[in-house]
Amino acid sequence: MLIATFNINNVNKRLENLLAWLREAEPDVVCLQELKCDDRSFPAAVLRQEGYEAVWKGQKSWNGVAILARGAEPVLTRTALPGDPADHQARYIEAAVKGVLIGCLYAPNGNPQPGPKFDYKLAWLARLRRHATALRRQDVPLVLAGDYNVAPTEIDVYPTKSYEDNALVQPESREAFRRLVGRSWIDAIRVLHPGQRIYTFWDYRRYRWERDAGLRLDHLLLTPNLGDRLAAAGVEREARGREGASDHAPAWIRLR
DNA sequence: ATGTCTAAAGTATTTAGA
């Protein structure tokens, strides 16, 4: 079972890129972020023609998340992260697919920091941790996949000083991620590739793709009960090099 | 290391967000 997460950075603008990758990689489950479309303009019909059923939570211009399943209907369980009824940003959706609960998330970027956007980011990650803990206690097999907008450690950022003031690498951001992962959750890519520099995001600016000046921001966290099933994990870098590409590449895991 | 890309607002170009 191949499960992937892909910050698509506008699903309609990059629909051809998405379809090309779906045809090549044939993922069973796909978590999409930054749809940048409202609910009505999500390309559900096109995706169905490709063999994918979907659930989505859209928002005009910004954010937006979706879960696709090949040859199966995702069973929707949530379209928002609990803990703040006043938060209407489309950043979380959750559905069950073939016996695995899938949480698809798009954490706030948090720049500039310090400031209200950074405060919102930290509060959102704390809410995610509370929800993740509640789900884990139910002992269901769960994958939390998405754009966490945190590069967890030094090796998750290319060697540079230019991100020093960025919300993606601040000690508070890393602490929030560390607290979320705790002792239970499996950071699948890191567990299978310890010590390796692996990136999922390259800014459009300053030739960062051409220089491989990337960051690892997209993660798949697994509950311990999926540990024995984790067979492989990686990043589909090729997708980032294509014409009209998103600034993120898909990250994926394979479950036995 | 070299400031990109996109949509919205409003109808040309500026602004904001990532």
Side-chain angles (χ1 to χ4, degrees), chain A residues 5-21 31-43 56-66 81 86-93 104-125 128 145-152 154 156-170 172-174 176-177 197 199-219 235 237-251:
Chain A
T5 178
F6 192 4
N7 180 323
I8 192 66
N9 187 14
N10 193 324
V11 70
N12 286 310
K13 177 79 184 170
R14 275 176 247 288
L15 191 54
E16 286 308 314
N17 293 64
L18 174 61
L19 297 180
W21 169 69
C31 295
L32 294 177
Q33 301 87 31
E34 287 206 83
L35 304 177
K36 294 187 174 177
C37 68
D38 59 25
D39 282 333
R40 287 176 305 170
S41 49
F42 182 79
W56 63 94
K57 176 67 176 175
Q59 182 180 330
K60 188 182 176 185
S61 304
W62 311 114
N63 309 317
V65 283
L81 194 62
D87 183 2
H88 298 297
Q89 298 192 27
R91 296 184 176 276
Y92 188 83
I93 190 166
C104 169
L105 64 106
Y106 175 50
N109 172 290
N111 282 306
Q113 72 81 31
K117 292 187 174 182
F118 191 58
D119 295 341
Y120 173 60
K121 171 182 192 147
L122 297 179
W124 197 93
L125 289 170
L128 178 62
D147 179 357
Y148 287 71
N149 266 320
V150 178
E154 265 326 283
D156 298 308
V157 183
Y158 75 99
T160 182
K161 289 182 178 175
S162 58
Y163 275 86
E164 269 179 3
D165 294 329
N166 199 294
L168 305 172
V169 305
Q170 291 311 300
E172 297 94 329
S173 306
R174 288 177 166 168
F177 185 79
R197 290 192 173 275
Y199 309 137
T200 66
F201 164 84
W202 298 260
D203 198 295
Y204 289 123
R205 291 170 285 193
R206 300 188 175 186
Y207 299 91
R208 286 197 166 107
W209 168 246
E210 290 81 352
R211 298 191 286 133
D212 195 24
L215 292 84
R216 189 172 73 102
L217 303 179
D218 301 271
H219 312 298
V235 176
R237 289 174 58 103
E238 292 73 17
R240 178 62 180 82
R242 301 219 178 100
E243 191 174 343
S246 168
D247 43 5
H248 293 250

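Each chain gets a letter, A, B and so on, in the order the sequences are listed, and its residues count up from 1.
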Have a look at [X] and say if it touches a base, only the backbone sugar-phosphate, or nothing, with a 4.0 Å heavy-atom cut-off.
X      : result
A:K13  : sugar-phosphate
A:Y106 : sugar-phosphate
A:D247 : nothing

Taking [M] as the reference, what is the distance to [N] when you measure between their [atom1] atoms (whole Å, please)?
N      : M      : atom1 : value
B:dG17 : B:dG10 : P     : 16 Å
B:dT6  : B:dT11 : P     : 23 Å
B:dT15 : B:dG3  : C1'   : 16 Å

Which heavy atom of [X] sits nearest a heavy atom of [Y], and at what distance?
X      : Y      : answer
A:R197 : A:Y158 : NH1-CA, 4.1 Å
A:L128 : A:Y92  : CD1-CE1, 4.2 Å
A:R208 : A:R205 : CG-O, 3.2 Å
A:D165 : A:Q170 : C-NE2, 3.4 Å

- Message: Both A:E34 and A:R14 contact DNA chain B. Taking the nearest nucleotide for each, which residue is further toward the 5' end?
- Response: A:R14
- Query: Given that A:N109 and A:Y204 both sit by DNA chain B, which one's nearest nucleotide is further toward the 5' end?
  - Reply: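 Whichever sits nearer the 5' end wins; that is A:Y204.
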- Query: Which nucleotide of DNA chain B is the first, and which the last, in the 5' to 3' direction, to come under 4.0 Å of a heavy atom belonging to chain A?
  - Reply: B:dA1 to B:dA18
- Query: Are any side-chain N or O atoms of A:D156 and backbone N or O atoms of A:R216, one a donor and one an acceptor, separated by less than 3.5 Å?
  - Reply: no
- Any sub-3.5 Å donor-acceptor pair from A:W56's side-chain atoms to A:D39's backbone N or O?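 Yes, the answer is positive, given that a donor and an acceptor are paired below the 3.5 Å cut-off.
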Quick one: does [X]'s side chain get under 4.5 Å of [Y]'s, heavy atoms only?
X      : Y      : answer
A:F118 : A:E172 : yes
A:K121 : A:V150 : yes
A:P152 : A:H219 : yes

- Close residues, residues 206-216 of chain A, relative to DNA chain B [heavy-atom separation under 4.0 Å]: A:R206, A:Y207, A:R211
